[in-house]
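Worksheet: the structure to be examined is printed underneath.
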Amino acid sequence: MADTKALTTRAADFSAWYNELIARAELADYSPVRGCMVIRPNGYAIWEQMQRALDQMFKDTGHQNAYFPLFIPQSFLAREAEHVEGFAPETAVVTHGGGKELEEPLVVRPTSETIIYSMYAKWIQSYRDLPVLINQWANVVRWEMRTRLFLRTTEFLWQEGHTAHATEAEAEEEARRMLGVYRTFMEEWMAMPVVTGRKTDSERFAGAVRTYSCESLMQDNKALQAGTSHNLGQNFARAFEVTFQTASGDLDHVWNTSWGVSTRLVGALIMTHGDDAGLVTPPRLAQYQVVIVPIYRTDDERATVLEAAERVKRELAGAGVRVHLDARTGMKPGAKYYEWEGRGVPLRLEIGPRDVAAGAVVLVRRTGGKKETLPVEGIAARIPQEMERMQTALLETARARVEAATIRGATKEQFLQHIDGSGGFVYAGFCGRAECEAEIKEQTKATIRVLPDPEYRSPEPPATCMWCGLPSVAEAVWARAY
RNA sequence: CGGGGUGUGGCGCAGUCCGGUAGCGCGCCUGCUUUGGGAGCAGGAGGUCCCGGGUUCGAAUCCCGGCGCCCCGACCA
């Protein structure tokens, strides 16, 4: 960063680009604790926008927020066999408190199914108590081997929804509904296209009956699991004896779901839209949607320009636009341009003496194109339109990129060529056998991201497994993943 | 945990081979001039050279032992 002011390009080294972008935009920083990051104000602002949108969507679908403890008695994890097998190796365990060794060690939650369902057992007695629809915003800890800012850190922020239902069908409907909520959020807010579908058993959440996922493809053509929704069946209900009396008087176990997205989404946003100049934030998630840069020479000009800039700012703010006036002195306009571009601000307005005289402003879009002079008159209507257009264009651009990196109906040879070549999604037939899946992973590092939902499937269902040639039981989407 | 790399002002690095008391760029502070795409000049602040031993008149530099961090693998939202 010393001798060169430009970021490493994505083409030269995607990973370096990613890290440099985060540093440059001041989204996050490494902390004194290995694997743990500090989310800086600019990064946290994005997470807050995400939280706000998602929280509203959860509430609109009938959920309430609650909060459960950070610590979980170690024995709780062990109650669900698959669950403990999946999570025990990556837990942080507290053995001492107040200077004394604890009777029972406490696990720092890697996820909260166990402690939440232990409480549901107390709260649920009757079918009249169902469904229970709770979400929690929390931090969790998973002791990962290798970490990457936002994508995989030892501690991360997320939300986890946990619901209990009277019937299997209702739980399934809930799991699917929340997958849909995630998809909507990712497409409409993040402008990030996803493929939804079911995970194979080997990629399933530890303790779930079925796991659904939103998978997205980053600019380096590696897939990222962006959100998951699990149908837990009665596995946890049995482990924690969450029972209820049905209308007919029988005792039954509840049917659970859990679903979550994390601060990983910030990483997904970076790798979906970022360019060689830095972050690109879709308007709906931007901390500042518009930044105004005043330009002047003399003190007189400065006063005039700032007055005009303040007027524009007020007008935009009045129209609900998140706008920032960068009135810092001693910094040349060009320096400000680079800084705000690096931070991903969607739109920039430049106001100088010429513009003030003409009753105009200069509009510059983060995603390129020519500078455009606009009349100040009507700006409060014009800017929201620009943002809408950019929001839509970002999604379309990303869609086209993913489409270009996707092949369908692939043979084994085409699959290998694609995975080892430019990379991306490969849609092809799958025999359904775990051995086949494992062999592919071992030899190519590619995994089945999802068995796609109907709307993503190819018109012609594949007849045979792309790898072993046995009859195909489902179309699968393969990719190398983060 | 295996392989590779690296620890020197806030950041990025040089200096290490060949020991002589720490330097460069960026950033930061002050002042003046600047400001339509990363300003210039002048002055200034800031360092246990990762830690602990050893060798030496003398160690950032040589030797021994630790530790941290980064990258690549196995694991993962």
Side-chain angles (χ1 to χ4, degrees), chain A residues 1-7 13 15-16 18-20 23-24 26 29-36 85-91 109-111 138-160 182 199 202-206 211 213-216 223-230 258-268 277-278 293-299 301-302 305 326-342 348-358 360-362 364 371 373 441-442 445 447 481-482:
Chain A
M1 227 206 285
D3 39 6
T4 166
K5 288 182 170 180
L7 294 174
D13 185 343
S15 186
Y18 179 81
N19 288 330
E20 288 173 22
R24 185 71 63 85
E26 297 180 353
D29 203 351
Y30 298 97
S31 78
V33 183
R34 177 169 53 92
C36 293
E85 194 184 324
F87 283 105
E90 56 182 46
T91 53
R109 63 182 164 214
T111 178
N139 57 338
V140 289
V141 166
R142 296 181 188 178
W143 216 262
E144 303 287 358
M145 291 293 162
R146 282 186 55 226
T147 57
R148 293 197 66 190
L149 294 175
F150 288 112
L151 298 179
R152 191 178 305 102
T153 47
T154 300
E155 177 189 10
F156 57 95
L157 305 183
W158 76 345
Q159 58 71 216
E160 46 181 328
Y182 288 155
K199 287 286 190 184
S202 61
E203 300 275 333
R204 189 164 39 83
F205 175 77
T211 288
S213 174
C214 293
E215 296 285 326
S216 54
L224 185 75
Q225 181 172 304
T228 48
S229 181
H230 316 290
S258 69
W259 28 274
V261 296
S262 73
T263 36
R264 169 179 272 192
L265 288 181
V266 178
V293 178
I295 297 158
Y296 47 79
R297 291 165 199 277
T298 63
D299 283 351
E301 280 182 351
R302 178 166 186 270
V305 164
D326 186 352
R328 285 176 294 179
T329 55
M331 199 173 171
K332 295 185 76 170
K336 294 181 181 179
Y337 300 164
Y338 280 101
E339 184 175 308
W340 291 113
E341 280 165 6
R348 180 174 79 236
L349 295 178
E350 306 171 5
I351 305 182
R354 292 203 298 267
D355 307 302
V356 175
V361 297
V362 174
V364 186
K371 291 190 178 187
T373 304
K441 183 176 181 179
E442 198 192 314
K445 297 193 181 80
T447 50
Y482 274 96

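Residue numbering restarts at 1 for every chain, and letters A, B, ... go by the order of the sequence lines.
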May I ask you to say what [X] touches in the nucleic acid, namely base, sugar-phosphate or nothing, with a heavy-atom cut-off under 4.0 Å?
X	result
A:Arg348	base
A:Glu301	nothing
A:Thr228	nothing
A:Lys336	nothing
A:Gly260	nothing
A:Thr153	base
A:Leu265	nothing
A:Val362	base
A:Pro89	nothing

State the pairing partner of [N]; accept Watson-Crick or G-U wobble contacts with both distances under 3.5 Å, and report none otherwise.
N	answer
B:rG68	B:rU6
B:rU61	none
B:rC1	B:rG73
B:rG31	B:rC41
B:rG25	B:rC11

Between [atom2] on [N] and [atom1] on [X], what's the gap in Å once rounded to a whole number?
X	N	atom1	atom2	answer
A:Glu144	B:rC75	CD	C1'	7 Å
A:Asn19	B:rC69	CG	P	16 Å
A:Leu151	B:rC75	CG	P	18 Å
A:Glu26	B:rG27	CD	P	14 Å
A:Ile351	B:rG36	CD1	C1'	13 Å
A:His230	B:rA77	NE2	P	8 Å
A:Asp13	B:rC70	CG	P	16 Å
A:Lys441	B:rG73	NZ	P	13 Å

Going by atom types only, do [X] and [Y] share a side-chain donor-acceptor pair under 3.5 Å?
X	Y	value
A:Arg148	A:Thr153	no
A:His230	A:Thr211	yes
A:Gln225	A:Tyr482	no

Between [N] and [M], how far apart are the two [atom1] atoms, rounded to whole Å?
N	M	atom1	value
B:rA22	B:rC18	P	23 Å
B:rA77	B:rU35	C1'	46 Å
B:rA45	B:rG27	C1'	13 Å
B:rC28	B:rG68	C1'	27 Å
B:rG31	B:rA14	P	36 Å
B:rC17	B:rA60	P	12 Å
B:rG12	B:rC50	P	14 Å
B:rG4	B:rU30	C1'	46 Å

Do A:Trp158 and the base of B:rA77 stack face to face, with centres under 5.5 Å apart and an angle between planes under 30°?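 Stack criterion not met.
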Between B:rG38 and A:Tyr338, is there a base-stacking contact, meaning the centre of the base's six-membered ring lies under 5.5 Å from the residue's ring centre while the planes stay under 30° apart? yes
Among [options], which is the nearest nucleotide to the side chain of [X]?
X	options	result
A:Arg354	B:rG36, B:rA74, B:rG37	B:rG36
A:Lys445	B:rA77, B:rG73, B:rG37	B:rG73
A:Tyr337	B:rA77, B:rC70, B:rG37	B:rG37

Cation-pi check for A:Phe150 against A:Arg264: NZ or CZ below 6.0 Å from the six-membered ring centre and within 45 degrees of the axis, yes or no?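 Judged by the rule (NZ or CZ under 6.0 Å from the ring centre, within 45° of its axis), A:Arg264 is not positioned above A:Phe150.
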A:Arg109 NZ/CZ over A:Trp158 ring centroid, <6.0 Å and within 45° of normal: no
Any A:Pro294 side-chain heavy atom under 4.5 Å of A:Ile351 side chain: no
Give a yes or no on whether a salt bridge exists between A:Lys199 and A:Glu215, defined as a side-chain N under 4.0 angstrom from a carboxylate O.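 So A:Lys199 pairs with A:Glu215 through a salt bridge.
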Look for any protein N or O under 3.5 Å of an N or O in nucleotides 29-35 of chain B and output each such pair with its distance, or none.
residue	atom	partner	partner atom	Å
B:rU35	OP1	A:Arg297	NH1	2.8
B:rU35	O2'	A:Tyr296	O	3.0

Around A:Glu26, counting heavy atoms of other residues, nucleotides and ligands shown, do more than 12 lie under 6.0 Å from its CD?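 Atom CD in A:Glu26 is packed in, count exceeds 12.
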A quick test of your reading: do over 12 heavy atoms of other residues, nucleotides or ligands sit less than 6.0 Å from CZ of A:Arg297?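 Atom CZ in A:Arg297 is not crowded, with 12 or fewer foreign heavy atoms closer than 6.0 Å.
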Residue mapping more 5' on RNA chain B - nearest nucleotide basis, A:Thr147 or A:Glu90: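 In this pair, the answer is A:Thr147.
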Given that A:Glu350 and A:Thr154 both sit by RNA chain B, which one's nearest nucleotide is further toward the 5' end? A:Glu350
I need the minimum non-hydrogen distance between A:Met331 and A:Lys336, along with the two atoms involved.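 Between these two residues, the closest heavy atoms are O-CE, 3.8 Å.
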